[in-house]
Amino acid sequence: MTKLLSMNRRNFLQASAAGALAGAMPGLIGSPAAAQTALTVGFIYVGPKDDYGYNQAHAEGAAVVKALPGVTLVEEENVPETVDVQKTMESMINLDGATLLFPTSFGYFDPHMLAMAAKYPDIQFRHCGGLWQEGKNPANTGSYFGYIFQGQYLNGIAAGHATKSKKIGFVAAKPIPQVLQNINAFLLGARTVDPAITCQVIFTGEWSLAVKEAEATNALVDQGADVITCHVDSPKVVVETAAGRGAFVCGYHANQSPLAPEKYLTGAEWAWGNVYSDFVKKAQAGEKLGNFVRGGLKDGFVKMSALGPAVSAEGRKAFEATQAEMMKGGFSVFKGPLKDNKGDTVVAADKSYAEDAIELESMNYLVEGVVGSTA
């Protein structure tokens, strides 16, 4: 049934003239007055909603929105980053009457979401990531993201207390700024425990490719890494493979502790329910939606998995103390003096970046101690 609905959405505008439908059924798109009390919201996912990762985290947020009064939720999963997502967005607008859309995957933004935003200037589109630019992108679009590198820094503290080899590993998809932030933060957190710890990173080149993720995880363990984390769409393969090899794991995106209950230290999770609820409530009230929305632990954008049984008392104490400092706001994960892994100074001794520093959105380096390359 889900597959049939998916095909209906993507082929809807090929089978029916969108203009004729809109003319025949003008009530499909809600008026601004109606939107204050009733709102149809669309969520689009690049993978399955139960992937133990990126898509599941967004789907959990959508479930919170669904429970809000006056909200009708429409969702579609497994939509590729191709023209298919344009068809999905267009059918949600014309068939379901959605006036607020969340295309959640990185590759949905350009050209797909931008094309739909230009075609439907009265519809609001918000994209997960750091791509929106004032003066360049349409006013009915925007981006939202969280400082989840704070969570990876806390992961690093747990990893630093757990590692015996002083080698930790990171399976990464692509070297974009958000991924590089997470890799760097993971090592910097671990180095608060022991400055001699190093981090090996392997890029798979894809957001979701189970075979490469398993190969990368095994390679990291073979090279001596005894704590593994990742930034891929679904950490399931990484978590299960690492635990199966006897390594500890730190999760990402969602809670993966059920996959490796004895080896799971903690995890950096999204709290998208808070973010999406705020967008929806503002839309219902007829308020302006933010175009560039950011937040961290203290803002309720990010949360941590519960500490697992393998975390030592000393590790728990250090983790909780740092988390408490982050909750106060203004905590600097990236502060000088800091060099990249080529030996060049990237943060001067008198400089530090709080979690809201815009410079972090363009990070293009790996810090000293990360073994790997962005090339």
Side-chain angles (χ1 to χ4, degrees), residues 45-47 51 53-58 61 81 102-110 113 126-133 137 141-156 170-189 199 201-209 213 229-235 238 250-254 267-272 275 291-297 299 301-304 326 331-334 338 340-341 346-347 353-367 370 372-375:
Y45 316 107
V46 74
D51 66 351
Y54 184 86
N55 298 288
Q56 180 171 317
H58 286 291
E81 294 174 328
F102 294 105
T104 60
S105 190
F106 181 81
Y108 289 163
F109 183 81
D110 189 0
M113 190 184 90
R126 291 299 180 273
H127 177 262
C128 182
L131 295 170
W132 189 85
Q133 296 181 50
N137 300 132
T141 66
S143 73
Y144 58 95
F145 205 66
Y147 307 124
I148 201 166
F149 61 81
Q150 293 180 323
Q152 282 289 13
Y153 186 86
L154 290 169
N155 275 352
F170 202 113
V171 179
K174 301 180 181 184
I176 65 171
Q178 289 91 347
V179 177
L180 300 180
Q181 291 167 18
N182 284 330
I183 298 166
N184 292 336
F186 184 54
L187 177 61
L188 292 174
C199 179
V201 59
I202 297 178
F203 291 98
T204 66
E206 301 289 343
W207 293 113
S208 181
L209 197 58
E213 291 160 12
T229 192
C230 63
H231 185 156
V232 295
D233 269 5
S234 175
V238 174
C250 292
Y252 188 63
H253 287 316
E269 299 183 36
W270 294 109
W272 289 131
V275 181
N291 297 106
F292 193 84
V293 177
R294 299 292 185 271
L297 277 168
D299 307 296
F301 281 52
V302 178
K303 59 184 178 180
M304 296 301 296
M326 287 182 173
F331 186 91
S332 294
V333 167
F334 303 101
L338 185 63
D340 64 17
N341 64 358
V346 288
V347 182
Y353 295 127
E355 69 268 16
D356 58 353
I358 193 66
E359 290 92 339
L360 297 179
E361 298 275 342
S362 58
M363 182 174 286
N364 63 357
Y365 56 82
L366 292 170
V367 299
V370 176
S373 173
T374 59

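Heavy atoms only: backbone and side chains are in, while hydrogens, waters and symmetry mates are out.
In this structure, the side chain of Asp233 does not engage the main chain of Gly47 through any donor-acceptor pair within 3.5 Å. Not one N or O on the side chain of Thr204 forms a donor-acceptor pair closer than 3.5 Å with the backbone of Glu213. Panel note: side chain Gln150, backbone Leu297; a donor-acceptor pair is recorded below 3.5 Å. At distances below 3.5 Å, not a single donor-acceptor pair connects side-chain atoms of Asn155 with backbone N or O atoms of Thr229. Ser143 contributes a side-chain N or O that, together with a main-chain N or O of Gly129, makes up a donor-acceptor pair within less than 3.5 Å.
For the pair Asn364/Thr374, no side-chain contact is recorded, criterion being any heavy-atom separation below 4.5 Å from C-beta on. Counting heavy atoms from C-beta outward, Pro177 and Glu361 have side chains that stay 4.5 Å or more apart. Val179 has its side chain within reach of Ile183: a pair of non-hydrogen atoms, C-beta onward, lies under 4.5 Å apart. Between Phe186 and Tyr153, every side-chain heavy-atom pair lies at or beyond the 4.5 Å cut-off. Residues Tyr54 and Cys128 are in side-chain contact: their nearest non-hydrogen atoms beyond the backbone lie under 4.5 Å apart. Between Leu366 and Asp340, every side-chain heavy-atom pair lies at or beyond the 4.5 Å cut-off. Proximity of Val302 to Glu269: side-chain heavy atoms (C-beta onward) are nowhere separated by under 4.5 Å. Using a 4.5 Å cut-off on side-chain heavy atoms (C-beta onward), Ile202 and Val171 make no contact.
Here the CD-OG1 distance, from Gln133 to Thr141, works out to 10.5 Å after rounding to the nearest 0.5 Å. Summarising the geometry, atom CD belonging to Gln181 is positioned 9.0 Å from atom CD1 belonging to Ile176; distances are rounded to the nearest 0.5 Å. Annotation: the span from Ser362 atom OG to Leu180 atom CG amounts to 10.5 Å, rounded to 0.5 Å. Atom SG in Cys199 sits 5.5 Å away from atom CG in Leu187 (nearest 0.5 Å). The distance from atom CG of Leu188 to atom CD of Gln152, rounded to the nearest 0.5 Å, is 11.5 Å. Going from atom CG of Leu154 over to atom CE of Met304 covers 5.0 Å, rounded to the nearest 0.5 Å.
Applying the side-chain hydrogen bond (donor to acceptor under 3.5 Å, both in side chains) test to Asn55 and every residue at least two apart in sequence or in another chain returns Asp51.
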Working for side-chain contact (heavy atoms from CB on, under 4.5 Å), residues Val46 and Phe106: CA-CA 9 Å; Val46 74; Phe106 181 81; over 6 Å; no
Chi angles and distances behind the side-chain contact (heavy atoms from CB on, under 4.5 Å) call for Trp207, His231: CA-CA 8 Å; Trp207 293 113; His231 185 156; 3.9 Å; yes
Check against side-chain contact (heavy atoms from CB on, under 4.5 Å), Val367 and Leu338: CA-CA 7 Å; Val367 299; Leu338 185 63; 4.0 Å; yes
Audit row: Asp110, Leu131, side-chain contact (heavy atoms from CB on, under 4.5 Å) steps and yes/no: CA-CA 9 Å; Asp110 189 0; Leu131 295 170; 5.8 Å; no
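The minimum heavy-atom distance between Ala254 and Gly53, with the atom names listed, is CB-O, 4.0 Å. Scanning all heavy atoms of the two residues, the minimum distance from Met326 to Val333 falls at CE-CG2, 4.2 Å. Closest non-hydrogen pair, Ala173 versus Glu206, comes out as CB-O, 3.2 Å. Considering every non-hydrogen atom in both Glu81 and Ser105, the closest pair reads OE2-OG, 2.6 Å.
No side-chain donor from either of Asp299 and Tyr147 sits under 3.5 Å from a side-chain acceptor of the other. Trp270 and His253 form a side-chain donor-acceptor contact under 3.5 Å, judged by distance and modelled atom types alone.
Aromatic ring centres of Tyr144 and Trp132 lie farther apart than the 6.0 Å criterion allows.
When each of Phe292, Tyr108, Phe109 is tested with His127 by the rule ring-ring contact (aromatic ring centres under 6.0 Å, His included), just one qualifies, namely Phe109. Looking at Tyr353, Phe331, Phe301, Phe334 one by one, the single match for ring-ring contact (aromatic ring centres under 6.0 Å, His included) with Phe149 turns out to be Phe334.
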